[in-house]
Number of protein chains: 2
Amino acid sequence: MVPVTPAETATADEGVKPLRADAQRNYDKLVAAAREVFAERGAEGSLDEIAKRAGVGPGTLYRHFPTRDDLIDALMRDWSARVLADSEAAVEADLPARETLERWFTDLIKHLTLHRGAAAKLSAAFDDPSSPIYRKCQMLADANERVVGHLTDTHELRDNIESRQVMRLVSGIATVADASGISTEEAAPMLGIVIDGILRDSATS
Amino acid sequence: MVPVTPAETATADEGVKPLRADAQRNYDKLVAAAREVFAERGAEGSLDEIAKRAGVGPGTLYRHFPTRDDLIDALMRDWSARVLADSEAAVEADLPARETLERWFTDLIKHLTLHRGAAAKLSAAFDDPSSPIYRKCQMLADANERVVGHLTDTHELRDNIESRQVMRLVSGIATVADASGISTEEAAPMLGIVIDGILRDSATS
DNA sequence: CGACTATACGGAGGATGTCTCCGGTTAGCA
DNA sequence: TGCTAACCGGAGACATCCTCCGTATAGTCG
């Protein structure tokens, strides 16, 4: 089990005391248990269950993670890096605009549906700076801006397309797909409409 | 307080016994209380609180409405009629395609965000025939099909646009707008993208 | 009108989940 | 080895969902 400290999460790495050995152990066990439970039961899985499965009291869980979102935030550590990588890959592949978008949006939805209920949580936190996962939303928005911005620079998108709105739109698709249990492939037609809606010269089918 | 019986909800009106007078009274009080609580606290408001506010025991609530969605269904009685009317009005206004869609989508979002959390519930029930509000989703889908189908008939949309997908897409926008607390006006750019994505000759801005 | 019965009421209480408080424990250090 | 700040853990207060069943009453029939 790779030790993962809160320090790694913090933006400014200064001033964050290292955890005591036992605290670090429990922290890691909690994150692992949370990953399990959220995978099984979705983002609304029981927190006491997570504590129990980590072999730890509820108090310990709440000390490390005051809110549910703090816990979700913690288990999205490496997630950010993957999102970033995918957005860069999409730009660098240098495919035609349509394919770039198809690829990136598919990735985006994959990341948004990390587990059941995740898409809804991310969507909700998108405009709420006080949310513990707000930072993750910004990551997503930045990654999306990288791809959309690139296509804007090459004049392949209509004028006045804001990446923020595109981000919201795709979040919406992910949320609906997640909530109604339809697969990523089944969501493709919706992505197609959005792509047609932002591409400049989108040949009338 | 206008008496509203479950009979009015049922599709087939045969075989539904009329309620006893006291039962009818409680039914109405529960619907009124639910309307209040859902308006205040959203679709996740406490059911016990609704019972209490109706001056009725929890048992009575659960007898009339086995699930939360049955209750939500009940207080959307006249809602269906309004949705229907708006879709017909949109078609009959006979405006240019873009304006027709702008108008209809705005109405649609208004109906989907009946109260906080409603959009998410409707989105989730869209593909779940066992849900008590599935029927309401079909209403919505039919109304949307009326508008989108009309524009398809007049060849104003791209080929292969399925009204079902459009419906999902707009539900997604409504869900995100609701969850992140952005207003209907702020959602307009997203609707614009969708409209551009389905209109045949959508001039590149 | 009085009695009978199907129907409906209501609230006590079990099950589950969230979150806190504080007496007891232990890691790290001198 | 002993001290202390940091940490643990679980009892329990509180909220919410939902059920069960003894009690009450509306509607009906003689």
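To find a chain, count down the sequence lines: A is the first, B the second, and so on, and within it residues start at 1. Worth saying up front: this structure is predicted, and the values here are computed from it rather than measured.
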Mind calculating the distance between [atom1] ([X]) and [atom2] ([N]) to the nearest angstrom?
X     : N      : atom1 : atom2 : answer
B:K29 : C:dC9  : NZ    : C1'   : 11 Å
A:L71 : C:dT18 : CG    : P     : 11 Å
B:Y27 : C:dT7  : OH    : C1'   : 17 Å
B:E44 : C:dT18 : CD    : P     : 14 Å
A:I50 : C:dT16 : CD1   : C1'   : 15 Å
A:Y62 : D:dC7  : OH    : P     : 19 Å
A:K52 : D:dA11 : NZ    : P     : 11 Å
B:L30 : C:dC9  : CG    : P     : 9 Å

task = State whether the distance check finds a donor on one side and an acceptor on the other, under 3.5 Å, for side chain A:R20 versus base D:dA6.
result = yes
Short side-chain donor-acceptor distance under 3.5 Å, [Y] and [X]:
X      : Y      : value
B:D178 : B:T175 : no
B:H111 : B:D86  : yes
B:D28  : B:Q24  : yes

Respond yes when some side-chain nitrogen or oxygen of [X] is under 4.0 Å from OP1 or OP2 of [N], and no when none is.
X     : N      : value
A:K17 : D:dA5  : no
B:S46 : D:dC17 : yes
A:H64 : D:dC8  : yes
A:R63 : D:dC7  : no
B:N26 : C:dC9  : yes

message = Could you check whether atom CZ of A:R35 has more than 12 heavy atoms from other residues, nucleotides or ligands sitting under 6.0 Å from it?
response =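 Counting neighbours around CZ of A:R35, more than 12 heavy atoms of other residues, nucleotides or ligands fall under 6.0 Å, so yes.
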inquiry  = Reading DNA chain C from 5' onward, which residue's closest nucleotide shows up sooner: A:D22 or B:D22?
reply    = B:D22
ask   = A:L47 or B:T60: which one's nearest nucleotide on DNA chain C is closer to the 5' end?
value =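 Checking each residue's closest nucleotide, the 5'-ward one belongs to B:T60.
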Separation of A:D196 CG from B:L199 CG (nearest 0.5 Å) = 11.0 Å
query = For B:R68, which contact category applies under a 4.0 Å heavy-atom criterion: base, sugar-phosphate, or nothing?
reply = sugar-phosphate
remark   = Between B:P66 and B:A21, whichever has its closest DNA chain D nucleotide further toward 5' is B:P66
